[in-house]
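Both ligands and their constituent atoms are indexed starting at 1 by order of listing.
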Amino acid sequence: MSTKSYAAQTAASLLAPFSIHRRDPLPKDVVIEILYCGVCHSDLHQARNEWHNTTYPCVPGHEIVGRVTKVGREVKKFKEGDLAAVGCMVDSCRTCPACEAGQEQYCSHVPVLTYNGPDKHSGGMTYGGYSESVVVDEAFTLRIPEKLDLAATAPLLCAGITTYSPLRHWKVGPGKKVGVVGLGGLGHMGVKFARAFGAHVVLFTTSPGKTADALRLGAHEVVVSKNEDEMKKHSGSFDFILDCVSANHDINAYLNLVKWDGTLTLVGAPENPLAIAAFNLIMPRRNFAGSAIGGIAETQEMLDFCAEHGIVSDIEMIRIQQVNEAYDRLLKGDVKYRFVIDMASLKQAA
Ligand code: NAP
Ligand code: ZN
Ligand code: ZN
């Protein structure tokens, strides 16, 4: 079916209305009318080809929530009228060790990403959530607990799981000192989860104006990273640091804060390589790691955890016509703390 969307046609072009085709549902497919879609910094990186792998036209969006309008005849988890969500993946090989372990994001054949991934069905590329609807196999579709605010739930599908998963993996909890670097979409969820898990949470920001918000969101302490004296006070003291920064920055300044055998994990994905001073890793045997989103089962676990603990994102709702402006604001760190597109606005698009 013909479906309205917003797409980037080249790395330099603004996102603009574009018509895409969605397949008729296969037996295990769920058709979802998209109600809200979050704006992830990864959307900006990819729309502008900052990771050098974008195929155009590119329809971004992988924080999708909506309502099921149709299901294939073998679908068991959903029926018409249910709420449903889709995150960063829509399929994977399902047979490799990572897939069998429920860690589809590490599929050795690369998971099929929600956009800018090779579409198994159309033979073209997948198109994301800046669109009216999406058709996804039920195995990659999430249930949304009824009591969560729907628009504020959308960012959980990427920003939420991307921070929840590493905090769980590295066993962040009571008695642990945890740093979160960058108070954007990912960072603000990292603060909320680390606090909910019972850790002592320190937020690092380049924006002094975000201090009060960081404390309100759950940080016990806030450090303005440009202040060297404040940074020094925390030398060698962290069990774990989660780096959520979207741009190039001095990673050594944060490695230096990790204690013996502690870990700094990158989830931020800047365009250019980060330089690491070898002795910053060698001396107190520090670990430097990365982490990608989370598997489908863990994403469902995270949504259920959020419902239980009343956690959602802090959002600023926009219309799709404002998405280019929202990208410009993201680049300035000017978002509190996730833009979410009200997809009803797409109906007004030319
Ligand atoms: P975002 O909302 O734009 O937040 C990024 C934050 O980084 C900003 O709010 C700012 O926080 C800080 N920052 C920006 N420029 C900086 C600079 N030059 N130096 C130091 N700090 C800077 O972005 P996001 O959506 O949270 O995404 C963050 C990164 O994670 C992106 O690179 C994205 O692609 C990546 N990502 C990775 C995964 C994964 O699976 N690993 C999943 C989703 C996203 P302050 O103002 O507080 O300093
Ligand atoms: Zn994302
Ligand atoms: Zn696999």
Side-chain angles (χ1 to χ4, degrees), residues 37-48 50-51 60-64 87-89 91-116 128-129 154-166 180-191 203-211 213-214 217 219 222-226 242-251 253-254 265-272 274 289-295 299 313-316 326-339:
C37 184
V39 177
C40 181
H41 206 112
S42 302
D43 299 349
L44 186 163
H45 287 309
Q46 291 184 81
R48 298 186 180 178
E50 289 175 359
W51 294 339
H62 57 205
E63 295 182 337
I64 299 169
C88 302
M89 305 177 282
D91 212 338
S92 70
C93 88
R94 307 193 195 196
T95 57
C96 75
C99 285
E100 289 205 328
Q103 303 271 312
E104 302 88 353
Q105 74 277 31
Y106 303 123
C107 174
S108 55
H109 301 279
V110 183
V112 180
L113 298 176
T114 302
Y115 64 88
N116 196 38
L156 302 179
L157 276 302
C158 176
I161 185 60
T162 302
T163 50
Y164 181 94
S165 182
V180 175
V181 188
L183 197 66
L186 267 58
H188 94 290
M189 291 312 304
V191 168
L203 183 275
F204 294 91
T205 182
T206 57
S207 312
K210 292 182 183 175
T211 302
D213 279 347
L217 292 164
V222 179
V223 174
V224 176
S225 51
K226 290 169 187 160
L242 190 65
D243 185 323
C244 305
V245 176
S246 52
N248 286 4
H249 57 292
D250 179 13
I251 195 74
Y254 297 100
T265 294
L266 270 190
V267 285
E271 177 177 8
N272 298 311
L274 299 165
S291 182
I293 47 173
T299 305
S313 271
D314 284 33
I315 64 166
E316 178 178 337
Y327 280 13
D328 290 341
R329 285 182 54 194
L330 266 190
L331 282 178
K332 295 183 199 138
D334 174 22
V335 53
K336 290 184 173 177
Y337 279 87
R338 193 59 135 188
F339 294 116

TODO: Please verify whether a non-hydrogen atom of N248 lies at under 4.0 Å from ligand 1.
DONE: yes
Task: Within-shell test, R338 vs ligand 1, heavy atom, strictly < 4.0 Å - done: yes
TODO: Looking only at non-hydrogen atoms, find the nearest pair between S313 and M189 and report the distance.
DONE: OG-SD, 3.2 Å
TODO: Give a yes/no answer: is there an N/O/S atom of C96 under 2.8 Å from the Zn ion (ligand 3)?
DONE: yes
In ligand 1, which numbered atoms sit nearer than 4.0 Å to a non-hydrogen atom of [X]?
{"X": "L183", "result": "9 (O), 11 (O), 45 (P), 47 (O)"}
{"X": "K210", "result": "9 (O), 11 (O), 45 (P), 46 (O), 47 (O)"}
{"X": "V245", "result": "7 (O), 13 (N), 16 (C), 20 (C), 21 (N), 22 (C)"}

Any nitrogen or oxygen of [X] lying under 3.5 Å from a nitrogen or oxygen in ligand 1? Just yes or no.
{"X": "A269", "value": "yes"}
{"X": "C158", "value": "no"}
{"X": "W51", "value": "no"}

Task: Location of contacts on C244 toward ligand 1, heavy atoms closer than 4.0 Å - done: backbone
Task: Salt-bridge criterion met for R329 and E316 (N-O under 4.0 Å) - done: yes
Task: Note: D328-R48 ion pair, threshold 4.0 Å (strictly below) - done: yes
Task: Angular separation of C93 SG and C107 SG about the Zn ion (ligand 3), given to 10° - done: 100°
TODO: Nearest 10° is fine: what angle sits at the Zn ion (ligand 2) between SG from C40 and NE2 from H62?
DONE: 120°
Nearest-option assignment for [atom], heavy atoms, candidates [options]:
{"atom": "atom 31 (C) of ligand 1", "options": "K332, H45, Q46", "answer": "H45"}
{"atom": "atom 46 (O) of ligand 1", "options": "S291, S207, C88", "answer": "S207"}
{"atom": "atom 44 (C) of ligand 1", "options": "S42, G185, A292, G290", "answer": "S42"}

Task: the Zn ion (ligand 2) to nearest N/O/S of C88 below 2.8 Å - done: no
